[in-house]
Peer 1: 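Below are the structure tokens for one structure; questions will follow.
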Amino acid sequence: MSKTRRIDEYEWELPIGFVDGMRVPGRVFASRELFDKALADRAAEQVANVATLPGIVGASFAMPDIHWGYGFPIGGVAATDPASDGVLSPGGVGFDIGCGVRLVRTDLTQADLDDSLRELVHALGNQVPRGVGGRGRLPIQGSDIDRVLTEGVAYAIERGAGWSEDGQSCEDLGTLPDADASQVSERAKERGRGQLGSLGAGNHFLEIQIVDAIRERSAAELLGLVEGQVCVMIHSGSRGVGHQTCTDYLRSIDRLGNAFGYAPPDRQLACVPLNHELAESYRGAMNACGNFALANRQVLMDGVRAAFESVFQSSARDLGMQLVYDVSHNLAKLEEHSIDGTPRPVCVHRKGATRAFGPSHPDLPERFRSTGQPVLIPGSMGTSSFVLTGTDAAATKSFSSTCHGAGRAMSRTKAKKQMSGQELRKQLESAGIALARTRWKLLSEEAPYAYKDAEDVVAACEGAGLSRVVARLRPVGVVKG
DNA sequence: ATGTCC
């Protein structure tokens, strides 16, 4: 195994030869401390494994929140070139296809919560179905599931869950192109029909947060964020339909066998050439599940607005509850990037990594021309979350990508052994954070000590030039699965 | 992450 090399304060190289068969180097954006963590849980080895994929270009990248995942590390970015037999790999997207984050602003300040925080957390808990299984707020009948999978946010709005302008504040305007509902299995659709507008479990959450530090005033102003303001962050994904779709396609790829002369160093790196019809099918299904995830967060936000309306006896419009932005951090996208100086379409896998277009990116909507694309980074339970913006430098450094969150630092099993759910609840409440009723058994798996510090992660991304920190948000109320 | 095994 070759030695790692420090390239810069926040940039590390895993040279070709770190593992056998690498076509490009691995490159990890991290402080020394975070890079050491990546090496310790063998996630760095996964970065090197990804570098063996056919058609991979540039390098196999990892963000500072990298940790061990299925095949690809979570926090990994890999671009493959269809013109050089590049592949598409479900493991490079993850089981929770389209998982992402949404931030809603309000005109309320922390003082408005003094008498009503507990009531609000309770109301949110009632409006937002959660937990494993979980029935959604908006049941879907028959073939309407195909419309969810094709239209995303637009479908939810048509069903009355939201405002007509909400799509404008979502990545891809709330509807991923190239979605093909006919490539999603009936079994996956059946799981999806009952789950639109449900939070899920694990690290998925909904939080009432206070903007407690502004670092980039003009960008914050553009996004409608001011210090002391109440916001709501939603972290959720495509639930059962995405999980089933990932499972379905891993099985289909497995059935093809080793037909393309690529022997992956890890069976979980199963992949198929982009120009093979199975890749086209998976891509259509993946985008469809991404649309489900977008629609899911839209319906969840509708529940948030309803909860605020009931508690504050005022309309969501009058409360200023505009959508700030919505990002997905588990998708593979066809994008144009400069490869050896020539612009070429490549397939950028982002698994636990967020697209972060800079101010001069041609595909950036006009309204973000002065700031770059907004990026939402959820912290672990009870710790701060962040709003970032993309940089032009990221286009050449990381295929326009940045981090996605705190990143796990301890296994679920180990985290559970440190503290009981009830103990953790007491700790959060003594820190002034209200917690909606939940299943205490699973709570301690999500304890802050089980995660890296999101503050360190976003600082490393800023240090590496991949994004800029706009605002920090502090949680005061938590709704968990 | 996930009807934590069809």
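Proteins get letters first, then strands, A, B, ... in listed order; numbering begins at 1 in each. In this text the structure is predicted, and so the values were computed from the model without any measurement.
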Peer 1: A/Ile97 CD1 to B/dT2 C1': how many Å, rounded?
Peer 2: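 Whole-Å distance recorded here is 12 Å.
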Peer 1: Measure the distance from NE2 on A/His243 to P on B/dT4 and round it to the nearest whole Å.
Peer 2: 9 Å
Peer 1: Counting the atoms with a prime plus P, OP1 and OP2 as sugar-phosphate, which does A/Glu445 contact under 4.0 Å by heavy atoms, base, sugar-phosphate, or nothing?
Peer 2: nothing
Peer 1: Using a heavy-atom cut-off of under 4.0 Å over every strand shown, decide if A/Gly200 touches base, sugar-phosphate, or nothing.
Peer 2: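 Sugar-phosphate only.
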Peer 1: Counting side-chain heavy atoms from CB outward, which of B/dT2, B/dC6, B/dT4 is closest to A/Arg187?
Peer 2: B/dC6
Peer 1: Send over the distance from A/His204 NE2 to B/dT4 P, rounded to a whole Å.
Peer 2: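 It is 16 Å, rounded to the nearest whole Å.
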Peer 1: Among side-chain atoms of A/Tyr155 and A/Thr175, is any donor-acceptor pair under 3.5 angstrom?
Peer 2: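 Result is no, nothing qualifies.
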Peer 1: Rounded to whole angstrom units, what separation is found between the CZ atom of A/Arg135 and the P atom of B/dT2?
Peer 2: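 About 15 Å, once rounded to whole Å.
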Peer 1: For A/Tyr249 and B/dT2, give me the distance from atom OH to atom P, rounded to whole Å.
Peer 2: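 Result: 20 Å.
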Peer 1: Looking at B/dT4, B/dC6, B/dT2, which one has an atom nearest to any side-chain atom of A/Leu442?
Peer 2: B/dT4
Peer 1: Side chains of A/Asp302 and A/Gln298: any donor to acceptor distance under 3.5 Å?
Peer 2: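 A/Gln298 vs A/Asp302: no donor-acceptor pair found between side chains.
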Peer 1: Measure CD/A/Glu446 against C1'/B/dT2 and give the value in whole Å, please.
Peer 2: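 Atom CD in A/Glu446 sits about 13 Å away from atom C1' in B/dT2.
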Peer 1: Step by step, would you call A/Glu171 with A/Tyr325 a side-chain hydrogen bond (donor to acceptor under 3.5 Å, both in side chains)?
Peer 2: CA-CA 7 Å; A/Glu171 195 175 307; A/Tyr325 206 59; 5.1 Å; no
Peer 1: Is it true that the side chains of A/Asp65 and A/His404 contain a donor and an acceptor less than 3.5 Å apart?
Peer 2: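 Side-chain D/A pair, A/Asp65 to A/His404: present.
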Peer 1: I need the CG-P distance between A/Asp248 and B/dC5, as an integer number of Å.
Peer 2: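 Rounding to the nearest Å, CG of A/Asp248 and P of B/dC5 are 17 Å apart.
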Peer 1: Which part of the nucleic acid, if any, lies within reach of A/Gly202 when heavy atoms closer than 4.0 Å are counted: base, sugar-phosphate only, or nothing?
Peer 2: sugar-phosphate
Peer 1: In whole angstrom, give the distance that lies between atom CZ of A/Arg239 and atom P of B/dT2.
Peer 2: 5 Å
